[in-house]
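This report concerns only the one structure given below.
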Amino acid sequence: MTATATPQTSAAGTRHGSSIGQPLTRRDGPLKVTGQARFSADNLPPGTLHAALCVARIAKGRVTGLNRSAAEAHPGVVAVMTPENAPKLAQDPDAKAGPFIFRLDLLQNDRVRYANQPIAVVIAETLEAATEGARLLAPTYASETPRIGLDSGEVFTPDSVGVGAAPSESDGDVEAGLASASRTIAATYETPAQYHNAMEPHAALAQWDGDRLTLHMPTQGLAISQGRLAGLFGIKPDDIHIESPYLGGGFGSKGVPSGPQVLACMAARMVGRPVKLVPTRSQMYGPMGHRGPTRQTLRLGTDAAGKLTALDHHILTASSSFDDFFEPAGRATSTLYASPAIAIRHEAVRLDTGTPLFMRAPGEATGSVALESALDEMAHELGMDPLEFRLANYAEVEPITGKPFSSKALRACYQRGAEAFGWAGRPLQPRQTRDKDGFLVGIGMGTATFPALIFEGMARAEIRADGTGTVELGAIDMGQGAWTALAQIAADGLGIGMEALTFRMGSSDLPNAGIAGGSGHTATAGNAIHAAAQDVIAQLAKLATDDPASPLYGAGNAGVAAAGGRLTRQDDSSRSESFADILKRAGRASIEGQGKAGADPAAQKSYAMHAHGAVFAEVRVDPDLGQIRVSRLVGAFAAGRVINPRLVQSQYYGGMIWGLSFALHERAEMDPRTGRFLNDNLAEYHLPVNADIPAMEAILVHEEDSVVNALGVKGVGEIGITGTVGAIANAVWHATGVRVREMPITLDKLLG
C-alpha cells in the first residue's frame, strides 16, 4: 500500500520548509474518513469462507463432547475444526522459544485453561451459518474449580517480570531508613484486571497457495508474526506474506499473533479456501491478553524536612496457570524519586485466566497509581504541598543505578503544567472547596514517566533522476500517526518535499522495521529511515564532489547539505546542484540506500533514558451521591525532539483519556465460582464516552537529547496514562477527604 502526499500549507498559505516539527495532518486521514482505508477484515477475495469460534463456558476442566454432526448438517457449514481433526502443527504451541513467544490454545487437546478459550471453529459460506453452527456444537464439560482473584493462588517469586526484568531490585537499607525516619506511612493499593477493547478485533483473512501463506491481519510486529507462524506451520518466514497497512488500535494486544488469528490460518489450510475469522467482542476477553491485577504495598519514610529516607514497594500480581507474563509494576518506583534506600519486590500467583500481556504502559500504568497516591499521602502527613514534596525528592540521577539521565526536563514540566493549571494556592486540607452548584472540588497531580526505548529496525530509501524519492519499511500505524510522522522523517532525510515522496509500509515484504510497541516505534523506524536516507545522500554527494563538472566538486561529503531536491555547499550557499542533474551526468537512474536502527549498548550502559511529564487534574464530586466528574486535565510532557506536534498532542490526549478510564471506569468482573466473565461487552465493561471527557490541555515541553538516538526522539504513546491515574485519585481525595486505594474509584467507595 502506498500513501500519497499533498503539499501542506500554513495558515498564511505558504509552503512549509522542513517537514520535521510541522503539525501536518494525517496523510491517511482522508482514506479513513471516506472509507477507503482497508482494514484486515475488509478484504474478501473470491471464494472466501467465514469462520466462527466456539469458546469455553468454563474456566478450568475438559471438553467432554461437541455435537459436530448437528453443526455440520446446518445449511452453509463447510467444515468443523476440533481437536479431533485440526491440522497438525510443526511446533508445539506450548513450547517457549523466546521472550515474545506466548503459549497459544490451538485445538491440540480437550483441556480448558480459561473462560472464552477457543475449543472449536466452524467454517461456512456465510458468517450467519458459521455462527449458528458454532451454537449447535453445544459443548459439554467436566469442570474443575477455578482459581480466580489474587487470594486464590499460592504466592511465589517469578523468575522475571515484564520481558526478562529482575523481579526484585534494591539499593540501601530500607528497614534502617524507615527506622530513622521522623514520619512513615504504609498503604496498600489495588488495581483490577483490565481487558483490551480496541475498536478493531483481532481479525484474520488467511489464504494458502501450497506452502505459501498470505495473511491480512492487524499486527504490531510483522516480522515477529512471520517468525511465530513459520515455526507453527513448519515453513520459512519468507513464505508468509502479511498485509497490515492499518490497525484499529493495538495497545500491546497485537504485538504477537493471537490464538484466533492462528486458527484462521489452520482453518484455511484445512478447507483449501480463503477463510476470514473475526472474533466477537466478548471473545476478545481471554485469548487476547489483558492487564494483570495488582496489590501493591508501599512504605515511605521521610526526615523532618520532607526528604525520603526509604521507599519500599511490594507488588503481588498474577499470570495464567500455563504461561508467564507478570506485570512489572515497580518500574516507575525505580526511576522517579531520590531516596537513599529503595527496595522493589514482585511476587505472583497463578490463576485460571488467559495470560496477561502488554497493555498500554505495562508496569508503569499500574505502578504509578500506587506510587503517586503514596507520595500524595506522605505530603499530606508532612503538611507539604504535593508538588513541593515531589520537588524536594527530585532525582538528579536515576535512583538505584545512579546513572545520569540522557536528558530530563521534568522540572520544566512541573512548572509549565502548574502554571497552566493554576496550581498555586491549592488548599492543603481536603474538602475545602465547592463550586456554585455545591459540588466538592478537588485538584491533584501525578508525575509521568516512561522509558525511551528503541528496537532493531531496517529501512530502504531511493532517490530517482526525476528528483522524487521512495522510502520503504515494514512499519505499522495503529492510529498513532506513523503514516505521517515517519514520512516527515523520510522527506527531510532525503531532502525533498512531501509531495515528491512515495512512502510504503505495512507489509511484511518490506524491510523489517521492528515492533510498534513500547513507545519505541518512531525511534526505531524513524532512525532506520534516517540512516537509509543518509546512505543515499552520502552516495549522491560522492558522485557530485568527485566530479570536476559539478559546482560541488571538492566539497567533500561533510561539506554539503540536502534540501529542496538539491545538494548545497555548506560553506557557500551559492554553489548547489539538483539531484536530477547529478544523477543525469553520472548516467544513473537512481540511487538506493539501506539503513538500520538499534540501541547503542555504550549509551544504555552509561545513561538512563526516559520521557517525563506532570499531570494536573480537577474533579467535582456530588457530596450526596458520590458521583465523580473530571472537569479539567492538564499535562506537560518532555519527550525529546517532536516530529509532529499535532500527532504528539493527540497521543498525550489519548493517554490521559485512558488514565481517566483507569481511575474511574475500567474493571473486569469475573464470577469467582465459575471463572466466567460478568461484563465481557461494551455495555457493562465501563469505558468513558465523550460526555466523560473534560477540557484537556497537553503542553509540549522543549527537550533536546543527543544521546538517546540520532534523531533525539522519545516515545509519547504511553506516558500520558502514567501520571493521570494518580492525579485523578489524588484529586478525588482532595475533594472528599476519602482516600480510595482500590481502582477504579466508584461512588460506592466514597459513600461506604
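All heavy atoms count here, side chains included; hydrogens, waters and symmetry mates do not.
Looking only at distances, a side-chain donor or acceptor of Arg291 sits under 3.5 Å from a matching main-chain atom of Arg360. Between the side chain of Glu377 and the backbone N or O of Leu375, no donor-acceptor pair lies under 3.5 Å. The main-chain N or O of His665 is never found under 3.5 Å from a side-chain atom of Ser661 such that the two would form a donor-acceptor pair. Between the side chain of Arg646 and the main chain of Pro23, a donor-acceptor pair closer than 3.5 Å is present. Under the 3.5 Å distance criterion, the side-chain polar atoms of Glu190 are left unmatched by any main-chain donor or acceptor of Glu742. Side chain of Asn527 to main chain of Thr524: no donor-acceptor pair is present (N/O by atom type, distance under 3.5 Å, no hydrogens or angles). Here the side chain of Gln480 pairs a donor or acceptor atom with the backbone of Met478 at under 3.5 angstrom. A donor-acceptor pair under 3.5 Å links the side-chain atoms of Asn709 to the main chain of Val713, judged by distance alone. In this structure a side-chain-to-backbone donor-acceptor pair under 3.5 Å is present from Gln220 to Ala516. The backbone N or O of Gly626 sits nowhere less than 3.5 Å from a side-chain atom of Asp622 that would complete a donor-acceptor pair.
Residues Leu453 and Gly518 share a closest heavy-atom pair of CD1-O, 3.5 Å. Taking all atoms of both residues into account, the shortest heavy-atom contact from Met743 to Val725 is SD-CG1, 4.2 Å. Considering all non-hydrogen atoms of both residues, Val634 and Gly417 come closest at CG1-O, 4.0 Å. The minimum heavy-atom distance linking His346 with Pro328 is given by the pair NE2-C, 3.4 Å. The two residues Ser606 and Pro404 come nearest to each other via the heavy atoms O-CD, 3.4 Å. Between Val174 and Ala310 the shortest heavy-atom distance is O-CB, 3.6 Å.
Within 6.0 Å of the CD atom in Glu456, the count of heavy atoms belonging to other residues, nucleotides or ligands does not exceed 12. Other residues, nucleotides and ligands place no more than 12 heavy atoms under 6.0 Å from the OH atom of Tyr607.
Ring pair Tyr195/His290 is parallel by interplanar angle, where below 30° counts as parallel and above 60° as perpendicular.
With respect to Glu154 and Arg147, no salt bridge is recorded, no charged nitrogen being found less than 4.0 Å from a carboxylate O. Comment: Glu396 engages Arg411 in a salt bridge, judged by a side-chain N to carboxylate O separation of less than 4.0 angstrom. The pair Glu364-Arg331 meets the salt-bridge criterion, with a side-chain N (NZ, NE, NH1 or NH2) lying under 4.0 Å from an Asp/Glu carboxylate O. In summary, Arg739 and Asp376 engage in a salt bridge, as defined by a charged side-chain N under 4.0 Å from a carboxylate O. Comment: Arg390 does not engage Glu388 in a salt bridge, judged by the lack of any side-chain N to carboxylate O separation of less than 4.0 angstrom. One finds no salt bridge joining Lys408 and Asp705 here, because no Lys/Arg side-chain nitrogen approaches an Asp/Glu carboxylate oxygen to under 4.0 Å. A salt bridge does not link Arg426 with Glu618: every distance from a Lys NZ or Arg NE/NH1/NH2 to an Asp or Glu carboxylate oxygen is 4.0 Å or more.
Residues Thr317 and Thr366 are not in side-chain contact: their nearest non-hydrogen atoms beyond the backbone lie 4.5 Å or more apart. Side-chain contact between Leu178 and Thr309 is absent, with no heavy atoms from C-beta onward closer than 4.5 Å. At a threshold of 4.5 Å between non-hydrogen side-chain atoms, the residues Pro293 and Pro192 do not count as touching. Between Val369 and Tyr189, every side-chain heavy-atom pair lies at or beyond the 4.5 Å cut-off. At a threshold of 4.5 Å between non-hydrogen side-chain atoms, the residues Gln429 and His380 count as touching. Taking 4.5 Å as the limit, some side-chain heavy atom of Leu711 sits within range of a side-chain heavy atom of Ile489. At a threshold of 4.5 Å between non-hydrogen side-chain atoms, the residues Leu308 and Asp303 do not count as touching. Taking 4.5 Å as the limit, some side-chain heavy atom of Tyr414 sits within range of a side-chain heavy atom of Met445.
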Would you give me the side-chain donor-acceptor pairs under 3.5 Å for residues 608-616, sequence neighbours excluded?
{"residue": "His610", "atom": "NE2", "partner": "Thr335", "partner atom": "OG1", "Å": "3.2"}
{"residue": "His610", "atom": "NE2", "partner": "Glu398", "partner atom": "OE2", "Å": "2.9"}

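Side-chain contact check for Thr447 and Tyr337: at least one donor-acceptor pair (N or O, by modelled atom type) lies under 3.5 Å. Side-chain atoms of Gln488 and Asn644 form a donor-acceptor pair, as typed in the model, at a separation below 3.5 Å. Between the side chains of Tyr685 and Glu666, a donor-acceptor pair is found at a separation under 3.5 Å. With hydrogens and angles left out, the side-chain atoms of His314 and Glu347 include a donor and acceptor closer than 3.5 Å. Remark: the Thr294 side chain and the Glu327 side chain contain no N/O donor-acceptor pair separated by less than 3.5 Å. Counted by atom type alone, Thr302 and Arg183 present zero donor-acceptor pairs between their side chains at under 3.5 Å. No side-chain N or O of Thr722 forms a donor-acceptor pair with one of Ser368 less than 3.5 Å apart. Between the side chains of Ser407 and Lys714, at least one donor N or O sits under 3.5 Å from an acceptor N or O.
Rounded to the nearest 0.5 Å, atoms CG (Leu298) and CG (Leu311) are 6.5 Å apart. Here the straight-line distance linking atom CG of Leu371 with atom CG of Leu300 works out to 7.5 Å at 0.5 Å rounding. Atoms CG and CD1, on Asp692 and Ile628 in that order, are 11.5 Å from each other to the nearest 0.5 Å. Going from atom CG of Leu336 over to atom OG1 of Thr449 covers 5.0 Å, rounded to the nearest 0.5 Å. In this structure, CG on Leu382 lies 11.0 Å from CG on Leu428, to the nearest 0.5 angstrom. Taken to the nearest 0.5 Å, the OG atom of Ser334 stands 5.5 Å off from the CD1 atom of Ile400.
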Going through the checks in order, is the ring pair (Phe, Tyr, Trp, His ring centres under 6.0 Å) test met by Phe358 and Phe325? CA-CA 9 Å; Phe358 314 103; Phe325 184 87; 5.0 Å; yes
With side-chain contact (heavy atoms from CB on, under 4.5 Å) as the criterion, how do Tyr652 and Ile719 come out once you've worked through the C-alpha distance, each side chain's angles and the decisive distance to 0.1 Å? CA-CA 7 Å; Tyr652 290 149; Ile719 188 175; 3.7 Å; yes
Salt bridge (Lys or Arg N to Asp or Glu O under 4.0 Å) evaluation trace for Arg350 with Asp323: CA-CA 9 Å; Arg350 293 200 179 277; Asp323 209 347; over 6 Å; no
Apply side-chain contact (heavy atoms from CB on, under 4.5 Å) to residues Ser519 and Val716 and explain how you reach the verdict. CA-CA 6 Å; Ser519 294; Val716 299; over 6 Å; no
Determine whether Ser320 and Thr353 satisfy the following criterion, side-chain hydrogen bond (donor to acceptor under 3.5 Å, both in side chains), listing intermediate values before the conclusion. CA-CA 5 Å; Ser320 67; Thr353 67; over 6 Å; no
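Partners of Ser182 under the side-chain hydrogen bond (donor to acceptor under 3.5 Å, both in side chains) rule, at least two apart in sequence or in another chain, do not exist in this structure.
Applying the side chain to side chain donor-acceptor pair (under 3.5 Å) test to pairs two or more places apart or on separate chains, none has a residue in residues 157-170.
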